[in-house]
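Report on the structure given below.
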Amino acid sequence: MKSALKTAFAKEMAGARAAEAAGDMALAKHHLERAHILGQRWYGTHVKTHFQMLRLALKQADGKEVRGQLVRLIGAGPFHMAGWIPLGNTGGADVSATRPMPIPSDLQSHHEGHSLRNGLILRAVLVAALVATYLLVVR
């Protein structure tokens with residue numbers, strides 16, 4: 001993750017924490033959605049964002065959002081391995097987990113140069129290496 005992107009992601013996560021501490025759950029969710037857009041291409045930040053969305057939903061006793069976040073947490077691994085990352089998706093249960101969405105203009109620069117094709121090639125090489133290692137160890 002590039003330095004400017006890390007900084008932007010951290011800023012949105014901090015904004016979510018501050019808004020939650022101030023009792024503004026709508027603003028906290030807004031910041032988490034922006035963090036999701038920024039971090040969804042990397043497994044760790046993607047899962048971290050969904051975990052925080054789940055925690056916020058539990059705090060609000062929002063059953064629909066809790067269920068949606070649990071599904072997203074379970075699906076994040078396989079979706080990442082397959083390279084199926086709908087850019088711009090805000091990550092909330094109020095939108096389809098597979099629907100690409102427009103990226104807000106102030107976040108677009110963080111997605112410049114991103115290539116889904118290169119990501120898929122990298123994942124294919126990783127999976128092939130894991131399979132080869134497994135086959136060598138099992139024999």
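Note: hydrogens, waters and symmetry copies are ignored here, and every other heavy atom, side chains too, is used.
- A donor-acceptor pair under 3.5 Å links the side-chain atoms of Glu65 to the main chain of Ala93, judged by distance alone.
- Contact check for Ile37 versus Pro104: side-chain heavy atoms found under the 4.5 Å cut-off.
- In plain terms, the two heavy atoms of His31 and Ala16 that are nearest each other are CB-N, 3.5 Å.
- Gln40 places no side-chain N or O within 3.5 Å of a backbone atom of His46 that could act as its donor or acceptor partner.
- Distance check: Leu32 CG to Lys48 NZ gives 10.5 Å after rounding to the nearest 0.5 Å.
- Put simply, the side chain of His50 reaches to within 4.5 Å of the side chain of His36, judged on heavy atoms.
- Phe79 and Val95 fall into different hydrophobic clusters, where Ile, Leu, Val, Met, Phe, Trp and Tyr are joined by side-chain heavy atoms under 4.5 Å apart, directly or via other members.
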**Item:** Candidate pair Leu54 and Arg72, rule side chain to side chain contact (heavy atoms under 4.5 Å, CB included), full reasoning
**Value:** CA-CA 10 Å; Leu54 172 62; Arg72 285 158 176 77; over 6 Å; no
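- No donor-acceptor pair under 3.5 Å is formed between the side chain of Asp24 and the backbone N or O of Ala19.
- Smallest separation of non-hydrogen atoms from Ala4 and His110: O-CE1, 3.6 Å.
- Closest non-hydrogen pair, Thr49 versus Phe9, comes out as OG1-CE1, 3.4 Å.
- A side-chain donor from one of Gln52 and Arg55 sits under 3.5 Å from a side-chain acceptor of the other.
- When every heavy atom of Thr45 is checked against every heavy atom of Gly39, the shortest pair comes out as OG1-O, 2.6 Å.
- The two atoms that bring Glu12 and Leu38 nearest to each other are CG-CD1, 3.9 Å, heavy atoms only.
- Note: the hydrophobic cluster containing Leu5 also contains Leu107 (ILVMFWY, side chain heavy atoms under 4.5 Å, direct or indirect links).
- For Gln69 (side chain) and Gly91 (main-chain N/O), a donor-acceptor pair under 3.5 Å exists by modelled atom type.
- Rounding to the nearest 0.5 angstrom, the gap separating the CG atom in Asn89 from the CZ atom in Arg99 is 8.0 Å.
- Residues Leu56 and Val66 fall into different hydrophobic clusters, defined by Ile, Leu, Val, Met, Phe, Trp and Tyr side chains chained together at heavy-atom separations under 4.5 Å.
- Listed here is the closest heavy atom pair of Ala97 and Pro86: O-CG, 3.2 Å.
- Residues Glu20 and Lys59 have side chains in contact (heavy-atom distance under 4.5 Å, counting atoms from C-beta outward).
- Proximity of Asp94 to Lys29: side-chain heavy atoms (C-beta onward) are separated by under 4.5 Å at one or more points.
- Met53 and Ile74 end up in different hydrophobic clusters when Ile, Leu, Val, Met, Phe, Trp and Tyr side chains are linked at under 4.5 Å.
- A salt bridge links Arg34 with Asp106; the closest basic N to acidic carboxylate O contact falls under 4.0 Å.
- For the pair Ile85 and Tyr43, the minimum side-chain heavy-atom distance is 4.5 Å or more.
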